[in-house]
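Beneath this line is the structure, given in structure tokens, with notes to follow.
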Amino acid sequence: MKQYKLMIMIVLVVFIFTSCSDIKSNDSSDGILTTNQIEDLNKNIPKKDSSESTNKSYAFATYSESLTINEAIKASSIIIKATFIERKQSEGTLNLFSYKFKINEVLKGEINEKEITVNIFDDVANIVDSKNSSSCFEPDEKYILMLYKFCSVYSGDSYSLISGYVTKYSGTIITQTIQYGQILKSNVVRTIEEFSKAINENTNGLNEEESIYGISYTKSTNASEIIEFSPIIVRVKILKDVSDERRIVNTYEVETVEILKGEFPKFASIDLFKNDKAIIGEECLILIYSSISESSNEYFLSSANSYIPISETEKYEEYMQYINK
């Protein structure tokens, strides 16, 4: 069975709310989850998506202190040896860049692609000292990357560095270890052999259960499967567009017309996809995964097919037939 668990660790939470799920809480004006909000979310995690593989473990994370190498190894979704290819500006966030790597070897976890794109903020990707700043990554140089996989219905699945670690190697020697832009001088692994030994001591290596961070959603396009997966289903009236252009979602204030499944407040906010332009005053069917916390009234969708305006008669009636069974 796939397990959902709470893990407290260090990553870049800003990435979650500006470039990934981009969901804000009424209780956290800067968009960063508090530990209490994370605990609230994990109390009410709904049923698993049976359409996905079962060797995954979902976790929400809080980000405040640095992990040790061993802690980062345990927390990583995957660990790879890779060659840096190029970086590109990420859409919607000024200081976030997409770094492309060629995968040379997988040390932990499972990934079938030959290349991988990793989302990294500038302040993590640059070496900072008292005199100047330079990039951690140089074309054609080789790195060991400890990565966490982040899931979001709005932006899909993506990878980022665990605890800001960048480990550069040449042959069998680790030449540099950097964390959040600082070159580490002590308590670092010196060789590939030592790193592999640390992975074996702290994980099950390639057989390790995959830890996935973020917010679960179903990739199914089947109405009955989406309905089964969704813990909350409501018919609402669109009241007001409160979208923020800096975010990758459109947010609307809504009034509940009918609760068809689960519990839902009289008034709430719903995050829709950027290309979903709801009409003020219209009614629609919304299938929801959860809110950020028990005290938040902002909710996110359970799939890419969880917003159905009543004006889309055929699709609305199809969903209602399954709901009413």
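For the single chain, residues carry numbers from 1 onward in sequence order.
- Here the rule is side chain to side chain contact (heavy atoms under 4.5 Å, CB included) with Lys108, and of Ile78, Leu147, Asn200, Ile79 only Ile79 fits it.
- Between atom CD1 of residue Ile162 and atom CD1 of residue Ile73 there is a gap of 11.0 Å, rounded to the nearest 0.5 Å.
- There is no path of hydrophobic side-chain contacts, each under 4.5 Å, that joins Ile116 to Ile85.
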Can Tyr148 and Tyr159 be said to form a side chain to side chain contact (heavy atoms under 4.5 Å, CB included), step by step?
CA-CA 6 Å; Tyr148 72 92; Tyr159 289 93; over 6 Å; no
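- The environment of Lys197 atom NZ is sparse: at most 12 non-hydrogen atoms of other residues, nucleotides or ligands sit within 6.0 angstrom.
- Note that CG of Leu107 is 4.5 Å distant from CD1 of Ile199, once rounded to the nearest 0.5 Å.
- With sequence neighbours excluded, the residues satisfying salt bridge (charged side-chain N to carboxylate O under 4.0 Å, His left out) with Arg87 are Asp122.
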Do Ile183 and Gln176 pass the side chain to side chain contact (heavy atoms under 4.5 Å, CB included) test, and can you show the C-alpha distance, the side-chain angles, and the key distance before you say yes or no?
CA-CA 7 Å; Ile183 298 174; Gln176 198 172 59; 3.6 Å; yes
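- The side-chain contact (heavy atoms from CB on, under 4.5 Å) test applied to Asp276 returns Leu272, Phe273, Tyr307, not counting sequence neighbours.
- Residues satisfying the side-chain contact (heavy atoms from CB on, under 4.5 Å) criterion with Lys142, sequence neighbours excluded, are Thr83, Asn104, Tyr169.
- At a threshold of 4.5 Å between side-chain heavy atoms, the hydrophobic network of Ile, Leu, Val, Met, Phe, Trp and Tyr places Tyr180 and Ile120 in one connected group.
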I would like to know whether Thr191 and Thr172 meet side chain to side chain contact (heavy atoms under 4.5 Å, CB included); could you show each step before the answer?
CA-CA 6 Å; Thr191 67; Thr172 61; 5.7 Å; no
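- Summarising the hydrophobic clusters (Ile, Leu, Val, Met, Phe, Trp, Tyr; side-chain heavy atoms under 4.5 Å, direct or chained), the residues clustered with Leu285 are Ile226, Ile227, Ile233, Leu260, Leu287, Ile308, Ile310, Tyr316, Tyr319, Met320, Tyr322, Ile323.
- Nearest heavy atoms, Pro265 versus Tyr299: CD-OH, 3.3 Å.
- The OG atom of Ser220 sits 3.5 Å away from atom CD of Glu225, with the distance rounded to the nearest 0.5 Å.
- Cys284 approaches Pro309 most closely through the heavy-atom pair CB-CA, 3.6 Å.
- Legend: salt bridge (Lys or Arg N to Asp or Glu O under 4.0 Å) pairs involving residues 301-323, not counting sequence neighbours: none detected.
- Within a 6.0 Å radius of CD in Glu263, no more than 12 heavy atoms belonging to other residues, nucleotides or ligands are found.
- The distance from atom OG of Ser290 to atom CD1 of Ile232, rounded to the nearest 0.5 Å, is 6.0 Å.
- Environment of NZ in Lys274: crowded, with over 12 heavy atoms of neighbouring residues, nucleotides or ligands closer than 6.0 Å.
- Every side-chain hydrogen bond (donor to acceptor under 3.5 Å, both in side chains) that Ser302 has, sequence neighbours left out, goes to Ser230, Ser306.
- Judged by distance alone, the side chain of Ser77 and the main-chain N or O of Lys149 form a donor-acceptor pair under 3.5 Å.
- Residue Ser269 comes nearest to Glu253 through the heavy atom pair OG-CG, 3.9 Å, listed as atom of the first residue, atom of the second, then distance.
- With sequence neighbours left out, Glu194 forms a salt bridge (charged side-chain N to carboxylate O under 4.0 Å, His left out) with no residue at all.
- Considering every non-hydrogen atom in both Asn202 and Lys74, the closest pair reads OD1-CE, 3.0 Å.
- With sequence neighbours left out, Lys266 forms a salt bridge (charged side-chain N to carboxylate O under 4.0 Å, His left out) with Glu255.
- Listed here is the closest heavy atom pair of Cys151 and Tyr217: CB-CE2, 4.0 Å.
- Of the possible polar contacts, one joining the Glu71 side chain to the Thr68 backbone as a donor-acceptor pair under 3.5 Å is found.
- In this structure, the ring pair (Phe, Tyr, Trp, His ring centres under 6.0 Å) partners of Phe101, at least two apart in sequence or on a different chain, are Phe84, Phe137.
- For the pair Lys102 and Glu115, the salt-bridge criterion is not met [side-chain N within less than 4.0 Å of a carboxylate O].
- Clustering of Ile, Leu, Val, Met, Phe, Trp and Tyr by side-chain heavy atoms under 4.5 Å joins Leu239 with Phe267.
- When atom types are taken as modelled, the side chain of Tyr143 and the backbone of Ile80 share no donor-acceptor pair closer than 3.5 angstrom.
- With values rounded to the nearest 0.5 angstrom, Thr167 atom OG1 is found 5.0 Å from Ile69 atom CD1.
- Of the possible donor and acceptor atoms, none in the side chain of Ser163 sits under 3.5 Å from a partner among the backbone N and O of Tyr165.
- With hydrogens and angles disregarded, a donor-acceptor distance shorter than 3.5 Å links the side chain of Ser243 to the backbone of Thr251.
- When the shell of 6.0 Å around CG of Asn324 is examined, it contains more than 12 heavy atoms from other residues, nucleotides or ligands.
- With a 4.5 Å cut-off on side-chain heavy atoms, Phe300 and Ser152 do not count as touching.
- The distance from atom CG of Asn250 to atom CG of Asp241, rounded to the nearest 0.5 Å, is 6.0 Å.
- Checking side-chain atoms of Thr256 against main-chain N and O of Glu258 turns up no donor-acceptor pair under 3.5 Å.
- One N or O on the side chain of Ser160 and one on the backbone of Asn119 form a donor-acceptor pair closer than 3.5 Å.
- In this structure the side chain of Leu161 reaches within 4.5 angstrom of the side chain of Val166, judged on heavy atoms.
- Glu105 is linked by a salt bridge (charged side-chain N to carboxylate O under 4.0 Å, His left out) to Lys81, counting only residues two or more places apart in sequence or in another chain.
- Under a hydrophobic clustering in which Ile, Leu, Val, Met, Phe, Trp and Tyr are joined whenever their side-chain heavy atoms come within less than 4.5 Å, directly or via other members, Tyr99 and Ile111 fall into the same cluster.
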Step by step, work out the side chain to side chain contact (heavy atoms under 4.5 Å, CB included) result for Ile288 and Val234.
CA-CA 8 Å; Ile288 294 168; Val234 291; 4.1 Å; yes
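- Criterion: ILVMFWY side-chain heavy atoms under 4.5 Å apart, direct or through other members. Under it, Leu184 and Ile144 are part of a common hydrophobic cluster.
- Side chains of Tyr154 and Asp271 form a contact here, defined as non-hydrogen atoms less than 4.5 Å apart.
- Closest approach of Ser303 and Val153 over heavy atoms only: C-CG2, 3.4 Å.
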Which is it for Asn222 and Ser224 under the side-chain hydrogen bond (donor to acceptor under 3.5 Å, both in side chains) test, yes or no, and what are the steps along the way?
CA-CA 6 Å; Asn222 182 281; Ser224 63; 2.4 Å; yes
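- Screening residues 278-290 for salt bridge (Lys or Arg N to Asp or Glu O under 4.0 Å) gives Arg235-Glu283 as the qualifying pairs, with residues at least two apart or on separate chains.
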